[in-house]
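Atoms considered below: every heavy atom in the structure, side chains included; atoms not considered: hydrogens, waters and symmetry mates. In each ligand, atom 1 is the first atom listed, and ligand 1 is the first ligand listed.
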Amino acid sequence: MQADLIIHNIKTLITPYPSDLPVCNDAFNSIKTLENAFVAIKDGTILEVGTGNYQAFVDATTELYDAKGALAGPGLIDSHTHVVHGGSREHEFEKKMAGVPYLQILKEGGGIHSTVNATRKISEDALYAQAKKSLIKMMEYGVTTVEGKSGYGLEKDTELKQLRVQKKLDQNLPIDIVATFMGAHAVPEAFKDNKTAYLDEVISWMDDVKKESLAEFVDIFCEDHVFDAKESEYLLTAAIKKGFKAKIHSDEIKALGGTELAAKLNAVSADHLMAITESGMDALKDSHTIANILPSTSFYLNSTYAPVRKMIDKGLAIALSSDYNPGSSPSENFMLTLNIAAIHLKMSPNEILNAATINPSFALNRQGKIGVLEKEYQADIVLYDAHNWPYVLYHYGINHVKDVFKSGHLIVKDQKYLKE
Ligand SMILES: [Zn+2]
């Protein structure tokens, strides 16, 4: 079969091996490497990944794209962000640096409250424009699929506004945005003595979310002073009954049993896990739930990192995400997340590639479609201006991405997003 597009003159191509299950154990430190490679693409899908001569795929209409000796890998998948939100929090950053505790900032109406207020007030157009700017940066850093959550409304109209804006962005921009409804991100002041009543409200909004196809996943913040494991089970069980898949923010500060709950409910991912226990690790090991690690948040808060080496040794399937949000991880630079994973989580380059491509495809229920450069996968491809993958992780803090293809279309050229 003839290709629409052939990317050739790739010095080195790196990719996870295809797998029907999340990658863990010995396979987690293993990737496939091809030298002098090409990728042939037809209708946005990979027709062939090979080395040497590609003439068999060329006809008069085939476009040839010279990678000029670049390193090529799969489009990166950032499977945990809060990309659609109003406002920013630089005023609190100064207080935080001066040593004012987060609880004090929260009491003064700051922290998550300030983002909730800003997100409630902002118009749909302004919310769209702010998130669009972030999504363009993400694409320029090699991200071709991103997850985004609601959760800065804590009231029906704003939660739906966030998700509607996100859906419009997904339709209008080349990046794929996978949506999660997270009305249970915090407890609104009015419900602080009756969390179940709030959860019942959130559960009732799920019907609106479903009706407009605004989200595939439902997430909850299982944490001390937010929602406990029982409350999380109550909400997620209702969500699963309504046809959503579950995700959970668990063991970020305190282990309350949220990770064990994720395994029990067959959640696609348990996220954060800085305070994960032996029992949480055992539960994940016996499940298909991805351990989604967000090291940029630990870095930015100057706090503890998830015990990832131990989790890898136990055989857990690890993914890495940026957790992009205005409070604890205000950076769209996913490449920096990968640098931090190398430096602070002590992950190897091969492990990091698997954790930023194939494993997050499972956390987003897109396995078999994205995250691997192999026949029949979506042609989401990043070309790096680097001689090898370890160099990208070692030479930190800058953008090594040169060009990005989404479904076979060039969307970023020389680090610049090509306007639609
Ligand atoms: Zn989060």
Side-chain angles (χ1 to χ4, degrees), residues 77-89 102 106 111-116 119 131 134-135 138 143 145-154 159 162-163 166 177-187 202 215-227 232 235-236 239 244-256 258-259 261-262 267-276 289-301 303-306 318-334 336-337 340-341 355-356 360 363-364:
I77 303 173
D78 187 350
S79 59
H80 183 141
T81 83
H82 303 255
V83 62
V84 178
H85 61 262
S88 56
R89 297 198 211 151
Y102 180 71
L106 209 59
I112 191 166
H113 298 316
S114 109
T115 302
V116 168
T119 308
S134 288
L135 290 161
M138 289 175 176
V143 175
T145 303
V146 65
E147 185 259 11
K149 305 174 198 290
S150 71
Y152 290 123
L154 310 180
E159 289 290 323
Q162 271 187 284
L163 292 173
Q166 195 169 268
I177 313 171
V178 181
T180 300
F181 170 53
M182 199 180 176
H185 193 192
V187 184
V202 173
E216 293 171 48
F217 303 98
V218 168
D219 198 341
I220 185 166
F221 193 11
C222 182
E223 188 55 70
D224 216 10
H225 301 299
V226 194
F227 300 104
S232 301
L235 180 100
L236 293 178
F244 294 95
K245 288 193 186 310
K247 285 181 165 282
I248 186 162
H249 284 57
S250 65
D251 299 354
E252 181 173 357
I253 304 162
K254 213 167 169 182
L256 297 182
T259 303
L261 176 66
V268 286
S269 67
D271 299 46
H272 281 295
L273 310 178
M274 283 113 96
I276 192 168
T289 302
I290 297 286
N292 203 0
I293 309 299
L294 321 173
S296 294
T297 310
S298 301
F299 171 78
Y300 196 75
L301 297 178
S303 66
T304 49
Y305 289 85
I318 308 286
L320 290 164
S321 298
S322 71
D323 193 23
Y324 172 61
N325 76 76
S328 57
S329 185
S331 172
E332 296 90 342
N333 183 348
F334 190 41
L336 182 61
T337 303
I340 295 169
L364 298 181

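- Taking 2.8 Å as the threshold, His272 does not count as a candidate ligand of the Zn ion (ligand 1), since none of its N, O or S atoms lies below it.
- Closest N/O/S atom of His249 to the Zn ion (ligand 1): NE2.
- Between the side chain of Glu223 and the main chain of Ile253, a donor-acceptor pair closer than 3.5 Å is present.
- Computed with the Zn ion (ligand 1) at the centre, the His82 NE2 to His80 NE2 angle is 110°, stated to 10 degrees.
- The backbone N or O of Gly86 sits less than 3.5 Å from a side-chain atom of Thr119, completing a donor-acceptor pair.
- With 2.8 Å as the limit, His185 does not count as an N, O or S neighbour of the Zn ion (ligand 1).
- The neighbour count for Phe221 CZ, taken as heavy atoms of other residues, nucleotides or ligands under 6.0 Å away, is above 12.
- Between His85 and Tyr152, the ring-plane angle classifies as perpendicular under the 30° and 60° cut-offs.
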